[in-house]
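The chains referred to below are lettered A, B, ... by the order of the sequence lines, with proteins before strands, and numbering in each begins at 1.
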Amino acid sequence: AAQRAPLVLAAASMQEALSAAADEWAKQGHGRPVLSFAASSALARQAAAGAPADLFLSADQEWMDDLEKRGLLVAGTRADLVGNRLVVVAAPGQQAVVALRGKALGQRLAKGRLAMADPDAVPAGRYGKAALGRLGAWDTVAPRVIRAENVRAALALVQRGAAPYGIVYGTDARLAPELRVAGVFPPKSHAPIVYPLARLKSGRSGEAEQFRRFLLSDRGRQIMRRFGFTNP
Amino acid sequence: MSFDIDVSHRRGGVVVGAAFQSGAGSTVLFGPSGVGKTSLLMMIAGLLRPDRGRICVAGRPLFDADRRINIAPEHRRAGVVFQDPRLFPHLSVRRNLLYGADGPTTLAEIATRLDIAHLLDRWPRTLSGGEARRVAIGRALLRKPDFLLLDEPLSSLDRTRREEAMQVIERVRDDMRLPMLIVTHDPEEAERLGGDQIIRL
Amino acid sequence: MSFDIDVSHRRGGVVVGAAFQSGAGSTVLFGPSGVGKTSLLMMIAGLLRPDRGRICVAGRPLFDADRRINIAPEHRRAGVVFQDPRLFPHLSVRRNLLYGADGPTTLAEIATRLDIAHLLDRWPRTLSGGEARRVAIGRALLRKPDFLLLDEPLSSLDRTRREEAMQVIERVRDDMRLPMLIVTHDPEEAERLGGDQIIRL
Amino acid sequence: MTDELQAIVRLSLLIGGVATIGTLPIAFALAWLLARGRFPGKILLDGIVHLPLVVPPVVTGWLLLLAFAPTGPLGNLLERWFGVSILFRWTGAAVAAAIMALPLMVRAIRLSIEGVDQRLEQAARTLGAGPWRTFATITLPLALPGILAAAMLGFARSLGEFGATITFVSNVPGETQTLPLAIYAALQRPGGEAMVWKLAAISIMLSLVALIVSELLGRRQGRRLHVL
Amino acid sequence: MTDELQAIVRLSLLIGGVATIGTLPIAFALAWLLARGRFPGKILLDGIVHLPLVVPPVVTGWLLLLAFAPTGPLGNLLERWFGVSILFRWTGAAVAAAIMALPLMVRAIRLSIEGVDQRLEQAARTLGAGPWRTFATITLPLALPGILAAAMLGFARSLGEFGATITFVSNVPGETQTLPLAIYAALQRPGGEAMVWKLAAISIMLSLVALIVSELLGRRQGRRLHVL
Ligand SMILES: Nc1ncnc2c1ncn2[C@@H]1O[C@H](COP(=O)(O)OP(=O)(O)OP(=O)(O)O)[C@@H](O)[C@H]1O
Ligand SMILES: Nc1ncnc2c1ncn2[C@@H]1O[C@H](COP(=O)(O)OP(=O)(O)OP(=O)(O)O)[C@@H](O)[C@H]1O
Ligand code: MOO
Ligand SMILES: [Mg+2]
Ligand SMILES: [Mg+2]
């Protein structure tokens, strides 16, 4: 009997990389996993409600912790799949290198805006706020911040020229070649950016565990790196 | 006894109503504008609830406040011609005429007699005032009612059409011996249709 | 010359219209139901565009297909009483009456003569058939028109009210010498209002 | 059009169609109550019907999730009685679309019921038609232009529904990924603009067709009712 | 209610109010054209008006961003002529809300204009009222229930607007962060439910008040027009 393909709930920023991994998996003769991309928060709530999904790939640890606390994860299946870097991108025409420490970024912005995911809610924004804080830049930058719904929306704002600078993941920056990476946050300036993966108890697919292992395998991680993700 | 009525109803500041009994055949309701003729017809038809009293037509009690009788309008079997035509705008003249009929048995005859046979496939909004009035009369008659309530049925009809309509109504009255209550302001019409049974409000 | 008219208009399958000239005072339009009396009045009022011809009232050309004259209805200064009352449902009787008036100068007088003075603060939907008709007549007169178009203005009025309304209309005709075109089915009414100027369609 | 696109369009039409047709009778009943009924708490009912309009879609989706979760009140019932769950299913997407469309449909129908001349209903009663026949032969056809408008509005709204759907039933290709969700996914990809345009063009065309159909039907109906 | 909450509510009311009042005349003009006009391309206009309903809000927001970005056609004009930009400003949020509310308002008003008996307008013309006075004294008041319904619908929709706003003008506290955006932010945080409930309760209450007011106004108007 044909195996039921696993249903994977994954953070929207994993779209390209995870789709590529799923294609590869399918090429190996398995049923292609069904991938549902949305904000980690929405997906976590769906999993918490008991929706029948097999794997959850979150953009941050907090939502995974939440599910773990609720006892919804299959014990021993939680592992960090990939990591990411946080960068500042500059719109074309902006100075291509900017110091992230102290008041430099704030002064550079002048009247312009800094686009980033919501610093109080969305993971990418929270990392950004923490990093700017650690570097002593948050206070001067805060009044200029534009809170987007998610990282990709922040990226779009810079692409459209609505904001001269934006804080996005390294993976996002790679997808917008017209933008320059003006600075990379030192990894120590924020909590490690990792994407935890775990199997959900509500899952019904027999292939879920196999696919999880595939993702965590060398082959899986290799695909992830192709899209700019780092090892966790 | 055809109509045995004693009702009243408060409308705004005034109280309208009447108390009378009338014999077989038709009865004419006569009275100045605004005295309550239309209101009385609506009460008999079951569309306006009297505050008190009772309504009995051809021996059948239709409303009695004390005995808590209040027959629904669709079961009173009245043929009503309203003061305004009230044709259904979304139905052709033919389907307006047949709306209350059991079958199309007498459609052709009544349509011819009322001179509306050529209008059957038209829409109500294209009718002239007198044409609409005749269709309304035809619609009430085709329902095969137990009694008729006619609110100025012949106004806005010319001599010839009025004569034709009057004959149709007279035939219904005489052949089927239907009780009939007619509002009119025309003494000649009153005389001919009501005979000596004239109620003055 | 009051009315100098020669128009026709295609409605559905039939062509309605008329050609006549009439002298000062009032003219009665007589004819069977559906012949086109209302249509003719609507053409003179400017609400229905004739396919051809011309309309001239009291020497003033209102419509002329050849000379491309077509005065807008609001500039024809006609006082129109429609076959149905067409009162504005969102305005009180008083404001309906004053809608076309320059000022309330003659409101009290006309209201008293038409026996509607007690209705001024009511809403149209609470009026009886005859009451609404009288308000419609009053509204047309208060507009101080240059000429009157009356479509069966006295139908659904009782004797007394009809007499009163007729006197009001006669006064307007005689005192102000207004041209007047009246549709009626009542020979007596025709005689009194139209004198010998009777147009048969 | 690729197979994948075709599947998305088919799914969107299925969900929009089921949502609209399923909601129509409910919307009509509610509109009727609000237009004609006289009961205490009428304004409250009106308010509840309008909630999906004011509450942000994501919140509506979240509340639906709470209600239809296996442990939620409705999800529990569905599970026990029918052994089904609408989570992550197209049926769930249809429910989300239906709830978001409901207030629009109720408003449109209500306005048109209020426009029906009750004196015509009285005339029908005297002609022997009981309340039901009167309703079916007089009120309903006279309110039809509004009902068509409501169906059209509801269908269009369903085709565009995004926030409640993605929050409630996720973004599952082939099951809950309607046009707006596919557009969202494309919009998340830098360089996905070409796909966004393509998908947006399709959804615009679909709704234009729905619009034209309802417009033409409405005109045919309207011609009979209105004086030219 | 904390100061922060109060500020959010005030901002939401400002944006909703400005969007509704600003859109009303435009919606009315469009509804009039669609109800009474006879011109080629009418169905097309109808379709364009309905677009914000079908196109997912995020896409509408994205298109607005394209248009009003400093490099976009409208943003460029605004910048050059008036030296202003509506990006990230409450005015931008109001524009987004207005566009999303437009189709609903046009529909409601259009239905009520179509319900006005044109024979009454004819009567007004014979009484000396030109097209404008006829419009102001007859058509407009008779269509008023529908216009009120439209304003109410538009206001409610504006209060609930989320997707287009956040995509177009982002989530700037004190400038574009309306109730739905605040709710969304709270929903993103594990454990943010308490805040979500509080904010949702406020927006529900606001719209219930708007609803009751429009209902009561509408009733007063309706009583005059309808046979009891
Ligand atoms: N849209 C239309 N389509 C077809 N026929 C029409 C249309 N409108 C009016 N008619 C016809 O035009 C004719 C003239 O109508 P009109 O209302 O002018 O008659 P009338 O002389 O006023 O009659 P009445 O005395 O009954 O009021 C009638 O036969 C009517 O049926
Ligand atoms: N809702 C209302 N509020 C106040 N008065 C009302 C209301 N409805 C009707 N009336 C009054 O009740 C009275 C009776 O009206 P009705 O229509 O029965 O008169 P009628 O005898 O048929 O008159 P007509 O011959 O003019 O048709 C009238 O004076 C009318 O103004
Ligand atoms: O959940 Mo995301 O991918 O950080 O927007
Ligand atoms: Mg009467
Ligand atoms: Mg006529």
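Residues D/Phe168 and D/Trp62 place their aromatic rings such that the two centres sit no closer than 6.0 Å.
Comparing B/Pro124, B/Ala45, B/Gly100 by heavy-atom pairs within less than 4.5 Å of chain D, the highest count is held by B/Gly100.
Taking the centre and axis of the six-membered ring of B/Phe88, the NZ or CZ atom of B/Arg139 falls inside the cone set by 45° and 6.0 Å.
Using a cutoff of 4.0 Å between basic side-chain nitrogens and carboxylate oxygens, B/Asp4 and B/Arg54 are scored as salt-bridged.
Both the backbone and the side chain of B/Tyr99 come within contact range of chain D, with heavy atoms under 4.5 Å apart. When heavy atoms are compared at a cutoff of 4.5 Å, B/Arg76 does not approach chain D at all. For a residue to count as touching a neighbouring chain, one of its non-hydrogen atoms must lie under 4.5 Å from one of that chain's; by this rule B/Leu149 does not touch chain D.
With sequence neighbours left out, D/Thr167 forms a side-chain hydrogen bond (donor to acceptor under 3.5 Å, both in side chains) with no residue at all.
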